[in-house]
Amino acid sequence: MDENIQQDINVLIKRRFEELNELKILGFEPFAYSYDVNSNAEDIKKNFNEDEKHVVKIAGRIMAIRRMGKASFAHIQDHTGRIQIYLRKDDIGDSYNAFKLLDIGDIIGIEGFVFKTKTGEISVHTTSMTLLSKTLRPLPIAKETVDEQGNKVIHDQFADKELRYRQRYVDLVVNSEIQETFLQRSRIISSMRNFLDSSGYIEVETPVLQPLYGGAAAKPFTTHHNALDTTLYLRIADELYLKRLIVGGFNGVYEISKDFRNEGMDRTHNPEFTMMELYVPYKDYEWMMQYVEKMIHHICTGVFGTLDFEYEERKINFNSPWQRVSMVDALMEKTGLDILTAQVDELKAMANKLGVDIKGLEAKGKLIDEIFSAVVQPELIQPTFVVDYPLELSPLAKKHRSKAGLVERFEGYVAGREICNAFSELNDPVDQRERFEGQVKAREEGDEEAHQIDEDFIRALEYGMPPTAGLGIGIDRLVMLLTNQSSIRDVIFFPQMKPEVK
RNA sequence: GGGCGCGUAGCUCAGGGGUAGAGCAUCUGCCUUUUAAGCAGAGGGUCGGUGGUUCGAGCCCACCCGCGCUCACCA
């Protein structure tokens, strides 16, 4: 930060330190130990009764002050919202002198009785004020007013996106409406966990630090373990460990945890993100599609009380069953090309004709994926399962029981975005080894994201894994969808940022 | 990395060649039902940085730095 700006802030901070000392001299402890709260802003307003003087004890942060000599009004904000307080020197004596030394941002406890002002605002008439925490930095507070048309106008809003992300604690205080999105995130995860638990599946934890990374096509973060003197990777997926647990005999395991991918950042990508993966033995991807429908239904109704959502101005309805379309059919319809029999040259020609950037790709699977992403995916607005993917795109999925060249895999799309990925898990260790070897070949041909051979995983499969259905859901993106947020940074408290420039 | 945009007081912003502005916030005084409280006064800026053009540069030019959006890669 620029030194001069720093100095200017310091003038304000210096004044706060002076107030701190003056408060101590007056005998007020600026940082209290506790306060017995028995009400909150929301309850006070909800339970207001003209005839009774409710006595309440509340605590919160001062968000506005209007001083009028020997009496003052202020608004304090707690976790339920704001409420006005009224303080008079006649009522609180010496504390009024302390109040004169308080600022917006300070945290106080107020005991008093509830009343309604001349102008009709339910307020607390203070009989006792306790300073709980003195602020040493000025809060970038906004003021609100209502214009002639009845629109809420916010003045001096704390709007710098970078500062909001870097200092989320300030953002949460002064733009407190964002708390709702994060509360919804929390409820979505709880609801999902609750649904999985009630199905009898076990929540487990598997390593974040892995000697071999796998389970997805992505570049990892690399780190080093000193005592072992070995390279470890931050996991890019939980998949291979969770399937080992299915080998071990559990009746369904899931994990909700952070995965890490060392790739670009934008409105839908953060380097660490939250993933839910579920594996259920003796089931296949058909069963899993229905399970996803039920789970999303449970979350939508449980958290939001509705199946109707709006995302980026488009209406979405989560009624079951979701639409289903096979990848082959969808591409046939859009391009007239049968991707099962098409040659690489035909796919490249089609991509060029459609204006799809294939940037030197040669692998058939990747070409198909590019064309699909460009021409089909954006049109999948209502919840849709795209089923049966090319084998070479899915080295961990089981070959389709009747369609050659495909695997039993589906992805769920909503509002043109992928929200889940699932398959009938490959449990044939011989086939798995061949797929891994195919990946090694792809890697040698320059595909940095191709899988490595995980010998221990193959060994686990050789001990026998029951037929299993597996699912992955990107939690951040699900939350974005359900809370109508277009940036992943708005559903993650502390999104990754460039290092702060001093 | 490419393209577009932004950077002026603590916050939100005006000013587009003539020597720095507004509102809020801060400080002082008055004010015991206010609510963007009010009234009177005060302080606060090397206008993101460096060079250049000019008698004179927030303003024009070049380069750099930071941030946002977007494209590419990707969940």
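Chain identifiers are assigned alphabetically (A, B, ...) following the order of the sequence lines, protein sequences preceding nucleic acid strands; residue numbering begins at 1 within each chain. Basis for what follows: all heavy atoms, side chains included, without hydrogens, waters or symmetry-related copies.
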Pairwise [atom1] distance, [M] and [N] [rounded to whole Å]:
| N | M | atom1 | answer |
| --- | --- | --- | --- |
| B/G7 | B/C60 | P | 11 Å |
| B/G38 | B/U33 | P | 16 Å |
| B/A14 | B/A72 | C1' | 38 Å |
| B/G18 | B/G56 | P | 14 Å |

Whole angstroms only, please: what is the [atom1]-[atom2] distance between [X] and [N]?
| X | N | atom1 | atom2 | result |
| --- | --- | --- | --- | --- |
| A/Arg137 | B/U26 | CZ | P | 17 Å |
| A/Ile62 | B/U34 | CD1 | P | 20 Å |
| A/Ile85 | B/U33 | CD1 | C1' | 14 Å |

Checklist entry - For RNA chain B, what string of dots and brackets results from 5' to 3' when Watson-Crick and G-U pairs need both distances under 3.5 Å, crossing pairs get [ ], and pairs with another strand get |? => result ((((((((.[[[[.)..(..]]]].(((((.......))))).....[[[[[..)....]]]]])))))))....
Side-chain N or O of [X] versus OP1/OP2 of [N]: is the shortest distance under 4.0 Å?
| X | N | answer |
| --- | --- | --- |
| A/Arg88 | B/U32 | no |
| A/Arg489 | B/G68 | yes |
| A/Arg67 | B/A37 | no |

Next on the checklist: Holding to side-chain contact (heavy atoms from CB on, under 4.5 Å), I want the full list of residues that pass it with A/Pro495, two or more places apart in sequence or in another chain.
Outcome noted: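 If we apply the side-chain contact (heavy atoms from CB on, under 4.5 Å) test to A/Pro495, skipping adjacent residues, the hits are A/Tyr165, A/Arg168, A/Asn270, A/Arg489, A/Ile492.
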Next on the checklist: Given the structure, check if the side chain of A/Glu121 and the base of B/U34 hold any donor-acceptor pair shorter than 3.5 Å.
Outcome noted: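 No, no donor-acceptor pair under 3.5 Å.
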Item to check | Side-chain ion pair, A/Glu449 and A/Arg443, N-O less than 4.0 Å | outcome: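 Salt bridge flag = no for A/Arg443 with A/Glu449.
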Checklist entry - Does a salt bridge link A/Lys219 with A/Glu263, judged by any charged N lying under 4.0 Å from a carboxylate O? => result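 Between A/Glu263 and A/Lys219 there is no salt bridge, as every charged N stays at least 4.0 Å from the carboxylate O atoms.
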Checklist entry - Taking the six-membered ring for Trp, is the centroid-to-centroid distance between A/Phe423 and A/Phe410 below 6.0 Å? => result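 That pair fails the under 6.0 Å test.
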Checklist entry - According to the salt bridge (Lys or Arg N to Asp or Glu O under 4.0 Å) rule, which pairs have a member within residues 113-129 of chain A, sequence neighbours left out? => result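 The answer is A/Glu50-A/Lys116.
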Next on the checklist: Given the ring of A/Phe494, does A/Arg166 sit roughly above its face, with NZ or CZ under 6.0 Å from the centre of the six-membered ring and within 45° of the axis?
Outcome noted: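 Negative - A/Arg166 is either too far from the ring of A/Phe494 or too far off its axis.
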